[in-house]
Amino acid sequence: MGRGRSSRVPLRRSLLGRLLGVSALVAACSVAATAWLAVQTTSGAIKQEQGQNLTADARIYDTLLGYAARHPTWDGVDATVRELAEQSGRRVALTTQGRQPLADSATATAPPALPPEASAVVDPLSVDTVLAARSTEGQGTAADRIDPRAVGPFLLPAAERAALRRTADRNAVCLNRAGIASDVVVGPSGRPRVQMVGNDPERALGTRCDPSDLDAPTATEKKALSALDALADACLKRQGRDGVRLNQDLSWGEAVAVPRPAPLPSDAREAAPVPAVEPPRELTGEDDRAIASCVGTARSEQLSSYVASPALLFIGDEGGATVPGFDLSPANTAKIAGAAALVLALTVGASVLAGARLVRPLHALTGAAQRMRDGEEHASVPVRGDDEIGRLAAAFNDMSAHRARLEEQRKAMVSDVAHELRTPLSNIRGWLEAAQDGLADPDPAFVDSLLEEAVQLQHIIDDLQDLAAADAGVLRLHPEPVPVEELLGQVAAAHQARAETAGVTLTVVAGPAPVLHADPVRLRQAVGNLVSNAVRHTPAGGKVTLRAYGEGPGSGPGPEVVVIEVADTGTGIPAADLPYVFDRFWRAEKSRSRRTGGSGLGLAIVRKLAEAHGGTAGATSTEGKGSAFTLRLPATAPSP
C-alpha cells in the first residue's frame, strides 16, 4: 500500500509562511513609507515654521539695531518693542548689559524671569552678522560690523540734503532722457545717489550727464571725515606707522608723508634746525590690515556718542522659554495628514491585493463544493503550489474523484444486487409456478434445483450482512490457534470438486506449518473466497496454488508475519484495474452475461476479514499470466 505525502509543508512554501511574509513585507513597507514621509513632511514643516521664527527674530533684531543706530539712548523704545511683539506673537525684552530692564512686552503683572542667556546683543557698532538683515548702503562695506545706519556726524543737515537731492534729480532726469533707466536712492546719512538699472556707471560716460558732481563731500562730511582721519592717524601713530587719508567711501590710498626731524650738525647750537620730509612709501598687506583695524576703531570711537549703548535682547514665549514651541500651520498639518492617508491607502491596497490572491483558491474550493452539493458528478479545482491550500485542493480533488467512483459503484451495486437476487428468485418462482400448474413433478431433482437457487440467494445475503457488520465494527471473531497448513488443506478439499469441473489443478505447497491465533471460520471464509475467485478466473488447464510461509523474526520462536498466498495462472488483471479489485461489486468483466459469475463482494469481504485480524490483503498480477492474492496476518505464538 502506498503512503500519502507528508502533511508538513516547508515554512517558506506554506500558507502561514506566505501570510507572515506578506504581513511582514506590508508592515515593513508601510512603516518605512510612513517614517520617510513623516520625516520628510514633518521636517519640512518644522523647517518652514522654524524659518518663519528665525525670520521674525531677525526682523526684531534688525529693527532694534536700526533704532540703536539712529538714537543715542534707548529712551522711547517701548512702543517699538510692543509693536514687534504684537507682530511676531513673541515676548520681546531689552536690558542693559547689567540686565537692568529697558523695555519688555510681557503683559503679565509679574512677568516670568528672563532666561540666563540672551538671544542676541543689540550693538550697532558690533553687529551679529548671522541675525542682522544687513545692507551695504551708506558708510562702510559689507565686511564691516558697524551697522550702516549708524552715521553719527556724517548725517547731513537739511540744506545740504536739499542741494544734493536737486543735483541727483537733475542727473537722473538726464540719464533717463539718454535712455538709461535711473533712479535716486537716499542713504542713511541723507546723501542721495543715482542708481542706474544694471548698475553700470560706465554707461553714462557717453552722455552729457555726469553724476560725479555728487561725489564731492559736503562741508559736514569734510568735517566728520577730517575728525575720523585724526582718530585713525592717532591709532596708527601709536603703532609707529604713517598716517593715511581716507576717501569719502572710507577707502585709503598710499601712506601720507609725515615730517621727520633731520639729524643735527656738531655745532647744532649755532645752526638753525632744518625739517626733512620723507617721501610716501608703498603699503604692504600688513599695513593694510593695521589701517583697517585703526579705521574700524576710529569709527567706533567717533560714533559711540551718537548711538545707543549695547543692550541684551531676549526673544521667547510669554511663558519665558527662550526656544519657543510652534504650532503647525493648517497647510503643513494638511500635508502631514495627507502623507499619512496616502500610506494608509497604499497599505490597505497592498493588503487587499495580497488577501485576494490568498483567498482566491478558497473561493474556488467553495464553488466546487457547492457544485458537488448541487449534484455534479465530479467537481475539481486547479492545484497551484505545494502549500496548505494546494494540498487542500489536491485532497479535495481526490475526495471528489473518490466520491464519483463510489457513486458509480453504488449505482452498479444496486443494479448488481437486484440482478443477483432476481435470478435465483425468478428460478424459484418459475419452478414453484410450474409445480402448481402441474407442469413439473416435485421429484428430488426438482427439490435440488430449488435448494441450489436458495443457497445462492442465501450466499449473497450473507456476504452483504458480513460487509455491513465489518463496516459497523461489530464483526465478531472467535480467535484460537489455527495450524495454517491444515486450514489450507481443508479449503482445497472444499473446492476440489469445482476445480476439477473447471479443469483447473488445485494444489497446496507443503512447507513449515506456522500457527496463527485467528478465527478459523472467518479465516477459511477469506481463503475460500480467494480460491473461489482464482478458480473462476483460471481457464481449463490452468493451476491454482495455495501456500503459507513466515516473514521476519518475531518476538518468540515463530515468524513476525504469516503470509497466505493464493496464486493462479489465469487471465490476470490489467494494471489500471488492480487498485480497485478489493472494492465492492467491482468486476473486471462488466457484462451481466459473464461466464465467470460472482457477485463482486468476495474480495471486499477478504479485505475486511484481514483487517479484522490486524492484517492486510494485497494483490499482484501480470495480465495474461496470472495473479497472486496474499493475506499478511500477524503471527501469534500458540497457546500452551
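We're numbering straight along the sequence, starting at 1. Quick note: numbers below take in every heavy atom, side chains included, and nothing from hydrogens, waters or symmetry partners.
Not counting sequence neighbours, the partners of T507 by the side chain to side chain contact (heavy atoms under 4.5 Å, CB included) test are T505, K543, T545. Checked against salt bridge (Lys or Arg N to Asp or Glu O under 4.0 Å), R547 has the following partners two or more places apart in sequence or in another chain: E565. Shown here are the side chain to side chain contact (heavy atoms under 4.5 Å, CB included) partners of R524, two or more places apart in sequence or in another chain: L487, Q490, V491, P520, V521. A619 meets the side chain to side chain contact (heavy atoms under 4.5 Å, CB included) test with L578, V581, F582, F629; sequence neighbours excluded. Legend: residues meeting side chain to side chain contact (heavy atoms under 4.5 Å, CB included) with E500, ordered by chain and number and at least two apart, are Q496. The side-chain hydrogen bond (donor to acceptor under 3.5 Å, both in side chains) test applied to R522 returns D466, Q525, not counting sequence neighbours. With sequence neighbours left out, E433 forms a side-chain hydrogen bond (donor to acceptor under 3.5 Å, both in side chains) with R429. Remark: Q87 pairs with E83 by the side-chain hydrogen bond (donor to acceptor under 3.5 Å, both in side chains) rule, at least two apart or across chains. For S621, the side-chain hydrogen bond (donor to acceptor under 3.5 Å, both in side chains) partners two or more places apart in sequence, or in a different chain, are S627.
Nearest heavy atoms, V482 versus A518: CG2-O, 3.4 Å. Counting all heavy atoms, side chain and backbone alike, A499 lies closest to V535 at CA-CG1, 4.0 Å. Contact between G615 and L633 at its shortest, heavy atoms only, is CA-CD2, 4.1 Å. What you find for R607 and A617 is that their closest heavy atoms are CA-CB, 4.0 Å. The two atoms that bring G542 and T538 nearest to each other are CA-CG2, 3.6 Å, heavy atoms only. When every heavy atom of L516 is checked against every heavy atom of P634, the shortest pair comes out as CD2-O, 3.6 Å.
Atom-to-atom distance recorded for K625:NZ and T569:OG1 is 12.5 Å, nearest 0.5 angstrom. For the atom pair CG of L523 and CG of L631, the computed distance is 7.0 Å after rounding to the nearest 0.5 Å. Between the CG atom in L603 and the CG atom in L530 there is a gap of 6.5 Å [rounded to 0.5 Å]. Between D57 atom CG and I315 atom CD1 the span is 4.0 Å, to the nearest 0.5 Å. Interatomic distance, R498 CZ to L506 CG, rounded to the nearest 0.5 Å: 11.5 Å. Note that CG of D519 and CD of E480 are 7.5 Å apart. Values are rounded to the nearest 0.5 Å.
Side-chain atoms of R91 come within 3.5 Å of backbone N or O of P112 as a donor-acceptor pair.
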